[in-house]
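Numbers here are sequence positions counted from 1.
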Amino acid sequence: MSRIKACFAQLQSQGRKALIPYITAGDPNLQTTLGLMHALVTAGADIIELGIPFTDPSADGPVIQRAVERALAKHTRLRDILPLVAEFRKENTTTPIVLMGYLNPIECMGYQAFANQAVAAGVDGVLTVDMPPEESHDFMQVLAATPIDSIFLVAPTTSEERAEAICRLGSGYVYYVSLKGVTGAGNLDVEAVARSLEKLRKHTHLPLGVGFGIKDADTAARISAIADAVVVGSALVNKVAELHDGTAYSQQQLLTCVALVSAMRKAMDQRQ
């Protein structure tokens with residue numbers, strides 16, 4: 001059983017929902033990212049989405065774009081992130097790690113080389129924002145021979161026919177984009193999201209995670225009542241942006257940075 005599947009199975013047995021924070025690897029530097037990953041687990045994260053910096057983050061809003069710029073300024077590349085995951089695994093062998101980003105860095109490395117190194121590092125899932133399922137055959141064929149889950153996005157504008165195809169192709173969980181537009185945009189209509197998730201459940205038994213627009217503990221709790229997982233990105237990355245570019249932080253400083261995740265975890269558990 002994959003780490004992602006085991007994570008959702010355990011949460012379901014406890015009557016709880018997954019909390020999935022996103023941070024950009026290398027923002028403000030890789031050493032701090034490693035500390036943040038451990039702090040997020042302490043704060044209540046069940047799965048961590050680790051962003052791969054890319055020069056054209058077309059699906060991301062200004063908050064994550066600036067995080068990507070800070071990471072790229074430190075020359076953070078995919079080849080640096082995989083050893084980071086391996087370092088995390090020395091202390092944590094249970095929390096799933098999902099790499100989230102764009103296809104170009106993976107293509108530059110090569111599908112097979114990426115898959116080999118990702119498995120060795122302890123990566124559990126990959127979400128490539130700009131890879132449509134219709135063009136994913138070669139990459140999916142490589143990942144199919146590994147324990148790595150292939151996670152896809154479904155948007156409010158996705159047709160039901162296409163959503164069914166995406167659900168059939170993916171594994172791990174389905175990431176439902178709750179808003180039209182980029183990350184961090186707009187106000188969330190929870191009732192509309194609930195209706196969309198109800199339609200999606202007709203096509204898959206995979207857990208459904210909801211991201212984009214989740215900015216506070218109350219919204220996280222409301223989404224957790226209708227979804228299997230809550231994804232928080234821009235609101236957390238905003239907190240990370242307050243860290244100066246130092247080389248080390250105390251555990252207390254890192255926990256203060258991820259206090260939003262703690263608040264979300266508490267609100268979500270109280271809602272169940």
Side-chain angles (χ1 to χ4, degrees), residues 4 20-30 32-34 36-37 40 45 47-86 88 96-119 121-133 135-136 138-140 142-143 146 148-155 166 169-177 181-185 209 211-212 229 231-234 236-237 240-241:
I4 292 177
I20 308 178
Y22 165 96
I23 55 174
T24 301
D27 176 31
N29 54 60
L30 286 169
T32 302
T33 300
L34 179 61
L36 282 168
M37 292 169 72
L40 286 168
I47 298 170
I48 295 174
E49 287 185 355
L50 200 56
I52 304 171
F54 180 54
T55 52
D56 187 20
S58 55
D60 295 305
V63 171
I64 293 180
Q65 285 185 16
R66 287 192 290 268
V68 166
E69 289 171 1
R70 291 190 294 268
L72 289 175
K74 285 304 185 75
H75 308 290
T76 306
R77 300 292 185 268
L78 178 56
R79 63 175 178 267
D80 305 309
I81 296 170
L82 294 173
L84 174 72
V85 176
F88 175 79
I97 300 296
V98 174
L99 297 185
M100 182 173 182
Y102 299 83
L103 190 58
N104 184 272
I106 297 174
E107 285 192 325
C108 287
M109 179 178 285
Y111 292 159
Q112 192 62 61
F114 166 77
N116 293 344
Q117 293 180 46
V119 169
V123 171
D124 302 287
V126 179
L127 197 168
T128 47
V129 177
D130 58 343
M131 184 180 67
E135 300 176 14
S136 65
D138 292 347
F139 188 37
M140 294 301 97
V142 171
L143 289 187
T146 76
I148 297 175
D149 283 312
S150 307
I151 300 161
F152 286 90
L153 298 172
V154 174
I166 290 171
L169 185 63
S171 62
Y173 57 93
V174 176
Y175 188 133
Y176 180 73
V177 177
V182 296
T183 55
F212 286 45
V231 184
V232 55
S234 295
L236 174 59
V237 173
V240 176

ask   = For residues Ser171 and Tyr173, is any side-chain donor paired with an opposing acceptor at under 3.5 Å?
value = no

key: Single hit among Ile4, Leu50, Ile48 for side-chain contact (heavy atoms from CB on, under 4.5 Å) with Val98   = Ile4

key: Any Leu40 side-chain heavy atom under 4.5 Å of Ile23 side chain   = yes

inquiry  = Can you list everything that forms a side chain to side chain contact (heavy atoms under 4.5 Å, CB included) with Ala118? Sequence neighbours excluded, please.
reply    = Leu82, Phe114, Val123, Ile148

remark   = side chain to side chain contact (heavy atoms under 4.5 Å, CB included) filter on Glu135, not counting sequence neighbours, yields Pro132

Non-hydrogen atoms of Thr146 and Ala115 that approach each other most closely = CG2-CB, 4.2 Å

message = Suppose we screen for salt bridge (Lys or Arg N to Asp or Glu O under 4.0 Å). Which residues come up paired with Arg70, at least two apart in sequence or across chains?
response = Asp27

message = Just to verify, what does Asp80 make a side chain to side chain contact (heavy atoms under 4.5 Å, CB included) with, not counting sequence neighbours?
response = Leu30, Arg77

Main-chain N/O of Val63 paired with Ser234 side-chain donor or acceptor, under 3.5 Å = no

query = Which side chain to side chain donor-acceptor pair (under 3.5 Å) pairs, counting each pair once, include a residue from residues 99-115, with sequence neighbours left out?
reply = Asp60-Tyr102, Glu107-Tyr111, Gln112-Asn116

remark   = Sorted by chain and residue number, the side chain to side chain contact (heavy atoms under 4.5 Å, CB included) partners of Val154 (sequence neighbours excluded) come out as Thr158, Ala163, Ile166, Val174, Tyr176, Leu200

ask   = Closest heavy-atom contact between Ile20 and Ala229?
value = CD1-CB, 3.7 Å

inquiry  = Given 3.5 Å as the limit, does a donor-acceptor pair link the side chain of Thr76 with the main chain of Ala71, or not?
reply    = yes

